[in-house]
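Here the structure is laid out as structure tokens; the discussion comes afterwards.
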Amino acid sequence: MQCRETLGLRFMQKLKPERCWFPRRPHPSCRFLWAQPEIQTQPQEIFSPQPLEADTCVSLIKQCSSRRSVKMVHASMLRSHLHLNLYFLTNLVSQYSSLGSISYAYSLFSSSHSSDPFIWNVMIRGFVDHAQYHRSILLYSQMLELGIRPNNYTFPFVIKACGFLRDFKFGIQVHDDVVEFGYDSDVFVCNSLIVMYGKCESYELSRQVFDRMPERTVTSWSTIIRACSLNGRCEEGLSLFWRMLREDIKPERATILNVMACAHRESDADDICRVAVLNGFDFDQCVHNAALGMYARCGRIDLARSIFDGISNKDLVTWASMIDAYAQADLPLEAIGLFKQMNSQRLLPDSITLLSVIQACSVLASFQHAHAVHGITILTGGFFNNQLAVESAVIDLYVKCGSLTYARKVFDRMQNRNIITWSTMISGYGMHGLGREAYNLFNQMKSSVKPDHIAFVSILSACSHAGLVAEGWECFNSMVRDFGVTPRTEHYACMVDLLGRAGKLDEARGFIERMPIRPDAGVWGTLLGACRIHSNIDLAEMVAKKLLDLDSKNPGRYILLSNIYASSGKTKEAHKIRTLMTNRGVRKISGHTIIEIKNKVYTFSAGDMSHPQTDLIYSELERVMDMIRLEGYTPDINFVLHDVEEETKERMLYVHSEKLAIVFGLLNSGSQSVIRIRKNLRICGDCHTATKLISKVTRREIVARDARRFHHFKDGTCSCGDYW
DNA sequence: TTAGGGTTAG
């Protein structure tokens, strides 16, 4: 151990020279470098073929560790008629339930016809433990209907079920019952209410319950801190944690884990780690895993990795945390690499790990990686829960990798689909410009699932991308009328987009002015985008005035307005906007294009000369540009804002990252294969024109994903119909 | 007979 600590010390010093004060004042995360494995003991099996004596009955039931053994005890109870005793029967129901035989537990419970709240509580808990939340709520309602009084034990189970279902309305009703039956001062009931309101995004109510509690336990503090982290009240969570310590309440493991989820600053993370160590959690693997995630969230992916490397017996959460940390830090290759390493150690991924790696793959938009991860989800499908979420994520992944065919295959093969599955597929069609398919699927969905606000965003955006104005209006009008879904700003933005793209700019403006809620930057930004498509400078100036105040830190707004000026030849105004952007300290996001060839990912920036094939790429680029020029290509120099000669402007367009990546694809992939590229920003207008012609002269299909949608280039045309 | 409860990292 001594030797390993020395190694760890060197590693930390190597990571960050300013941390050389270690070990006199070690970095708090250093205490988490090595976890101790926990030793588990196996319980003994108890079998009882003999008739039972009453005094041994309960202890035997409790010792059963398998369904088989509890059935044997049950058989003995039947022989001794002990099952007629409610106390023994309740024990039996509880044991069946905890061993996973919920249906057996329920049939025993039903046969008792008891009005004793005790056995009802056991059964309600059984349903909650087996994630059958609706059934537990139903049982609670039946209990009330039969006039059986719920007690202080009943409420925590029912409230927990409301929390899992995010059923705020029923949660409020149960809270009323809590008051009516006089349990609103019970610490367990209050703690449950804090969690439930936290999960239902009603932090104010969580806090109200917490503040009004006559007495609080450490769990009360842990739960309110958890409610803070769930509702983005991280500062409040931290300040409650420090208040709790000032009140001399000793934190538990859950307190530390919950407060770690609140930290977003390295200094806070360091302070929490010190408290964790002081309270004896320096060898707790759960705390190590949480600390790993905390430092990653604070932007210290290096410290997260050193904690990860220091954990000798990595569990699934350790791996998943690090994979997710890389995925969140926009380091998809590292995330995927770690996932492969985890698989090589024969550790089966669960749904959370798969969802993290799927997210990394969708950032990369790599079809090969997507296919490989999809294969793993099929192979391990029987071993993890939440299959539905993983399959929906796989659909989204294929959509983002440009393959609607595979996305639809996964969709069609699914045994169950929820609203997320349908919305993912509908928005997938929309992103690829297939509005009619999206619209048909939306209508198909309505017969099995009620659309929610996200499903409406998916269909409205699909309609706008495909120019389906009448269908868009029909969907929008049906929101409140048929489904009781109140439009939010994102729905209004979709409608503005729908009208704006169709050239109905005045109608779009009038629509915004009649909005019953305040239009946000998203709504105005959409109208500005429409102004660019239809070169309406007057309206653009009016919109931009609002937008540059409303969303002054968004570089995209400045770039869009300056492009509108530039495309109308107003170079001075274009430069003025760029200067305003610089003066306000807003930095332009630099563009890059990614292409994957033979399982390797290549990134190109504008004028990139870093690739070993640079000479070949540029000579091929010249050749391709000559070919498309013969097809009528003229460079659209409005997309270059630099004050340089016309010829230089042309050259600057030639070396845009999109063109470099496409040429690299032409050089290095099979002549029949589809070239798939991904741009981090919106595709440049000149590159869009050039790519259409490249697809024609080279007879290659090119699929480009940009920040907003997909473009399928084939035989000189694009699926977006030149509106994007 | 005294069986049943709240928090917990990704």
Side-chain angles (χ1 to χ4, degrees), chain A residues 32 35 54-59 61-62 82 85-95 97-98 116-126 128-129 150-160 163 183 186-196 198-199 206 209-210 213 216-227 229-230 251-263 276 281 284-294 296-297 304 307-308 311 314-328 335 342 349-357 359:
Chain A
F32 296 142
D55 55 351
T56 56
C57 182
V58 172
S59 70
I61 292 171
K62 282 181 164 179
L82 293 176
N85 178 307
L86 186 64
Y87 166 55
F88 296 148
L89 188 76
T90 309
N91 270 283
L92 203 55
V93 170
S94 174
Q95 195 62 10
S97 165
S98 58
D116 179 6
F118 214 110
I119 195 163
W120 284 78
N121 292 346
V122 169
M123 201 58 239
I124 292 172
R125 187 200 68 167
V128 174
D129 286 348
N151 60 26
N152 54 324
Y153 283 89
T154 319
F155 288 114
F157 304 130
V158 185
I159 295 168
K160 193 174 180 177
Y183 293 108
D186 184 279
V187 72
F188 283 86
V189 176
C190 289
N191 291 346
S192 310
L193 285 169
I194 293 170
V195 180
M196 184 271 291
K199 286 184 174 169
S206 288
V209 172
F210 178 81
M213 285 173 80
R216 300 185 189 108
T217 61
V218 61
T219 308
S220 316
W221 290 91
S222 304
T223 51
I224 190 68
I225 292 168
R226 169 79 176 146
S229 80
L230 286 175
E252 290 181 343
R253 173 201 266 179
T255 329
I256 298 293
L257 298 178
N258 291 345
V259 77
M260 279 185 165
C262 288
F281 295 107
D284 186 312
Q285 178 138 354
C286 295
V287 175
H288 288 221
N289 292 340
L292 186 168
M294 173 173 68
R297 224 178 305 111
I307 293 172
F308 173 82
I311 299 173
K314 296 175 181 60
D315 59 22
L316 199 53
V317 179
T318 317
W319 287 96
S321 304
M322 197 63 228
I323 290 168
D324 190 58
Y326 279 134
Q328 298 295 334
M342 182 185 127
D350 66 355
S351 58
I352 298 175
T353 321
L354 286 166
L355 290 170
S356 290
V357 79
Q359 198 212 328

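Lettering follows sequence order; numbering is per chain, from 1.
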Under 4.0 Å, heavy atoms only, any strand: does A:Thr255 hit a base, just the sugar-phosphate, or nothing? nothing
For A:Phe118, which contact category applies under a 4.0 Å heavy-atom criterion: base, sugar-phosphate, or nothing? base
Over all heavy atoms of both residues, which pair between A:Met294 and A:Ala263 is shortest? Give the atoms and the distance, please. SD-CB, 3.7 Å
Quick check on side chain to side chain donor-acceptor pair (under 3.5 Å): which of A:Asn258, A:Thr217, A:Thr255 does A:Ser222 satisfy it with? A:Thr255
Taking all heavy atoms of A:Thr318 and all of A:Leu292, pick out the closest pair and write down the distance. O-CD1, 4.1 Å
Heavy-atom contacts under 4.0 Å between residues 349-357 of chain A and DNA chain B, which residues? A:Asp350, A:Ile352, A:Thr353
Distance-only polar pair, side chains of A:Asn91 and A:Ser94, donor-acceptor under 3.5 Å: no
Give one of base, sugar-phosphate or nothing for A:Ser321, where a contact means two heavy atoms less than 4.0 Å apart. sugar-phosphate
If you measure only the distance, is there a donor-acceptor pair under 3.5 Å linking the side chains of A:Ser321 and A:Asp324? no
Under 4.0 Å from a heavy atom of chain A: give me the 5'-most and 3'-most nucleotides of DNA chain B that qualify. B:dT1 to B:dG10
Angle between ring planes, A:Trp221 versus A:Phe210, binned at 30° and 60°: parallel, tilted or perpendicular? perpendicular
Contact class for A:Ile194 (heavy atom, under 4.0 Å): base, sugar-phosphate, or nothing? nothing
